[in-house]
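Report on the following structure.
FYI, side chains are in, hydrogens and waters are out, and symmetry mates aren't considered; it's all heavy atoms of this structure.
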Amino acid sequence: MQPCPLCHSEQHGVFVEDKNRCYFRCQQCALIFADPEAQLSPEQEKAVYDQHQNNPDDMGYRQFLGRLATPLVERLPTGPLDGLDFGSGPGPTLSIMLEEMGYNMAIYDPYFAPDPSVLTRQYDFVTCTEAIEHFNQPAKEWGLLLSMIKPGGWLGLMTKLATDAEAFTRWHYKNDPTHVSFFSRDTFRFLAQRDGLEVEFVGNDVILLRKTQ
């Protein structure tokens, strides 16, 4: 078995197994990850994403994204700031919401907005909503996210947080075949301590991290 895809520890074991996949849990960082052998191909992944009906005119979707946007904006300093929405999907909406609030926004998505030039810059804040659970190589992708945040900047995440094995077996979130990396509060606390971040949990699925260095 390969090392943990997030922290590279070799101390992990089977967490839960269902009829579709086996899930492992790292003893060091607490990441739960699906068996790499069961991961979809890029073509299969995109076929699933193409079914998403995200629309910036959908007020319900805006309200959903507001659960991240509102607490993040409350913590940002005043002034013209640059932001990046990473994993913006087929219908970028959060970036539009933040532009309407006066921020300069860029977007990136490996399938729908694959402009690598935006990944070479640094931003005052980066958002990543309902995307981190899709990371096939979370160590690489986490490192990329942090590299794009200025010192003192913010990373705003939205993802459902894993809890115990009993709840995980009943969790609908794991049944999406494109969901392969499942984070918990313990995982984000580990990353915050390791990487010099301040972490704050807002509700059940919003995580705000400030880069202190």
Side-chain angles (χ1 to χ4, degrees), residues 5-7 29 31 49 54 56 61-62 64-161 179-183 185 187-203 205-213:
L6 179 61
C7 72
C29 72
L31 181 78
Y49 301 149
N54 299 338
Y61 187 48
R62 280 176 169 253
F64 170 74
L65 294 174
R67 300 214 312 265
L68 169 65
T70 299
L72 174 63
V73 167
E74 288 173 351
R75 289 157 177 79
L76 294 177
T78 56
L81 300 179
D82 298 323
L84 169 71
D85 187 28
F86 186 92
S88 51
T93 300
L94 181 58
S95 58
I96 293 175
M97 293 168 58
L98 291 165
E99 283 177 344
E100 291 169 352
M101 298 179 196
Y103 299 102
N104 304 312
M105 295 299 299
I107 62 172
Y108 178 80
D109 190 281
Y111 294 114
F112 302 103
D115 178 6
S117 68
V118 303
L119 305 179
T120 64
R121 297 171 49 201
Q122 281 199 313
Y123 302 87
D124 298 294
F125 64 92
V126 173
T127 59
C128 184
T129 59
E130 292 293 323
I132 197 169
E133 64 275 7
H134 299 279
F135 287 179
N136 292 315
Q137 302 177 67
K140 176 182 176 182
E141 290 145 335
W142 179 259
L144 175 61
L145 290 176
L146 294 188
S147 74
M148 294 188 292
I149 302 170
K150 297 176 183 178
W154 288 84
L155 174 60
L157 303 172
M158 181 182 285
T159 189
K160 296 289 188 295
L161 296 173
H179 290 180
V180 295
S181 295
F182 304 92
F183 294 71
R185 290 188 176 219
T187 309
F188 286 116
R189 290 188 185 108
F190 168 87
L191 292 169
Q193 182 176 21
R194 187 193 70 179
D195 297 333
L197 308 168
E198 296 172 354
V199 62
E200 184 178 354
F201 300 98
V202 182
D205 59 356
V206 171
I207 306 95
L208 301 176
L209 301 112
R210 182 173 175 271
K211 191 174 184 180
T212 59
Q213 304 173 16

For Q193, I'd like to know if atom CD has over 12 heavy atoms of other residues, nucleotides or ligands within 6.0 Å.
no

Would you say [X]'s side chain and [Y]'s backbone share a donor-acceptor pair under 3.5 angstrom?
X    : Y    : result
D124 : D82  : yes
S181 : F135 : yes
Q137 : P5   : no
R121 : S117 : no
D85  : I107 : no
T212 : G196 : yes
T129 : T127 : no

Distance-minimising heavy-atom pair for [X] and [Y]:
X    : Y    : answer
G91  : Y61  : O-CE2, 4.4 Å
P138 : F183 : CB-CZ, 4.4 Å
R185 : G203 : NH2-O, 3.3 Å
D109 : G87  : OD2-C, 3.4 Å
P114 : P116 : O-CD, 3.1 Å
V206 : M158 : CG2-CE, 3.9 Å

Are the side chains of [Y] and [X] in contact, using a 4.5 Å heavy-atom criterion?
X    : Y    : answer
F188 : L157 : yes
L155 : F86  : no
I207 : L161 : yes
L6   : F190 : no
Y108 : M148 : no

What distance separates [X] [atom1] from [Y] [atom2], expressed to the nearest 0.5 Å?
X    : Y    : atom1 : atom2 : answer
L197 : R210 : CG    : CZ    : 10.5 Å
W142 : D195 : CH2   : CG    : 7.0 Å
N104 : L84  : CG    : CG    : 12.5 Å
L146 : E141 : CG    : CD    : 12.5 Å
I149 : L209 : CD1   : CG    : 8.0 Å
M97  : Y103 : CE    : OH    : 12.0 Å

Do T159 and E133 have side-chain N/O donor and acceptor atoms under 3.5 Å apart?
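Side chains of T159 and E133: pair found under 3.5 Å.
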
From K211, K150, M105, residue fulfilling side chain to side chain contact (heavy atoms under 4.5 Å, CB included) relative to F125
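The passing option is M105.
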
Classify the ring geometry of H179 against F182: parallel below 30°, tilted from 30° to 60°, perpendicular beyond 60°.
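H179 vs F182 ring planes: perpendicular.
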
Basic-acidic side-chain contact under 4.0 Å: R62, E100:
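Judged by the 4.0 Å cut-off on N to carboxylate O distance, R62 and E100 do form a salt bridge.
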
Audit row: C29, R194, side chain to side chain contact (heavy atoms under 4.5 Å, CB included) steps and yes/no
CA-CA 10 Å; C29 72; R194 187 193 70 179; over 6 Å; no

